[in-house]
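Model, not experiment: these values are computed from the prediction.
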Amino acid sequence: ARHMDTPLLLERARGLATQSRGAACIVEELELGPMLLEGVPGLVRWDEGGGDGVAACREAMRALQGFEIWQTFGRWVEAEEGAGRQVLGEDVAQRMAWARSCDADAAAAARSCMALVEQVLRNVLGGDAVLVLPPTAAAPPAHGSTTVDAEFRKRSFDATALAGMS
């Protein structure tokens, strides 16, 4: 995704490649977004109109994780709420409320997309290549911060959703 620090990532990858011993290393920048949308037609369901396959992967992964988290913890959350206990912080409670809306059909579609994303990445990379992505999209929130910016969370998930799909 373009909002990541691509030039810095490429510079570091090239530095590591030159340090490798006996291995042929080629470092190149890939535009994964369009490649993913073309190779995984089902991702269109999660494309927010920007034509960004990486963002669509993020949204597919969110749908799957939302479904799974609600299946795992939904009854407990409902029981605690029903007893008048607030056991989740406000931001987590909001995300759990959203997770409640994630259904099995969306989760199944996301799982299908995940398998195709893995295949597209394997085809692009071949058998002897690696995909290097930053672990997060930006610096972490300030120490002692009590909230995490929603945009930071969204951009960071762009960087990690592909790892979960491959």
Quiz item: With the 4.5 Å side-chain cut-off for hydrophobic clustering, are Trp46 and Val44 part of the same group?
Solution: no
Quiz prompt | Over all atoms of both residues, closest heavy-atom pair of Ala60 and Ala110 | solution = O-CB, 3.3 Å
Exercise. Write down the atom of Gly42, the atom of Cys113, and the distance for their closest heavy-atom approach.
Key: C-SG, 3.6 Å
Quiz item: Is the closest basic N to carboxylate O distance between Arg95 and Glu90 below 4.0 Å?
Solution: no
Quiz item: Within a radius of less than 6.0 Å around CD of Glu38, do more than 12 heavy atoms belonging to other residues, nucleotides or ligands occur?
Solution: no
Practice problem: State whether Glu81 and Arg85 are salt-bridged, where the test is any N-O pair (Lys NZ or Arg NE/NH1/NH2 against Asp/Glu carboxylate O) under 4.0 Å. | Solution: no
Quiz prompt | Nearest heavy atoms of Ala106 and Ala63, plus distance in Å | solution = CB-CB, 4.5 Å
Quiz item: Is there a path from Phe67 to Met61 through hydrophobic residues (I, L, V, M, F, W, Y) whose side chains come within less than 4.5 Å of each other?
Solution: no
Practice problem: Evaluate the side-chain proximity of Arg100 to Glu78: yes if any heavy-atom separation is below 4.5 Å, no if none is. | Solution: yes
Self-check item: ILVMFWY network linking Trp70 to Val92, side-chain heavy atoms under 4.5 angstrom
Solution: yes
Exercise. Decide side chain to side chain contact (heavy atoms under 4.5 Å, CB included) for Val77 and Val87; before the verdict, give the C-alpha distance in whole Å, the side-chain angles of both, and the deciding distance to 0.1 Å.
Key: CA-CA 8 Å; Val77 169; Val87 293; 5.7 Å; no
Quiz prompt | Value rounded to 0.5 Å, distance of CG in Leu37 from SG in Cys57 | solution = 8.0 Å
Quiz item: Can you tell me how far the CD atom of Gln94 sits from the CG atom of Leu88, to the nearest 0.5 Å?
Solution: 11.0 Å
Quiz item: Mind checking whether Ile69 and Leu64 sit in one hydrophobic cluster, side chains of I, L, V, M, F, W, Y counted as touching below 4.5 Å?
Solution: no
Quiz item: Taking the six-membered ring of Trp98, is the NZ or CZ of Arg62 close enough (under 6.0 Å from the centre) and on axis enough (within 45°)?
Solution: yes
Exercise. Output the distance between atom OG (Ser101) and atom CE (Met96), rounded to the nearest 0.5 Å.
Key: 11.5 Å
Practice problem: Please report the C-alpha distance between Leu36 and Leu116 in whole Å, then the side-chain angles of each, then the deciding distance to 0.1 Å, and finally whether the side chain to side chain contact (heavy atoms under 4.5 Å, CB included) criterion is met. | Solution: CA-CA 9 Å; Leu36 290 169; Leu116 291 173; over 6 Å; no
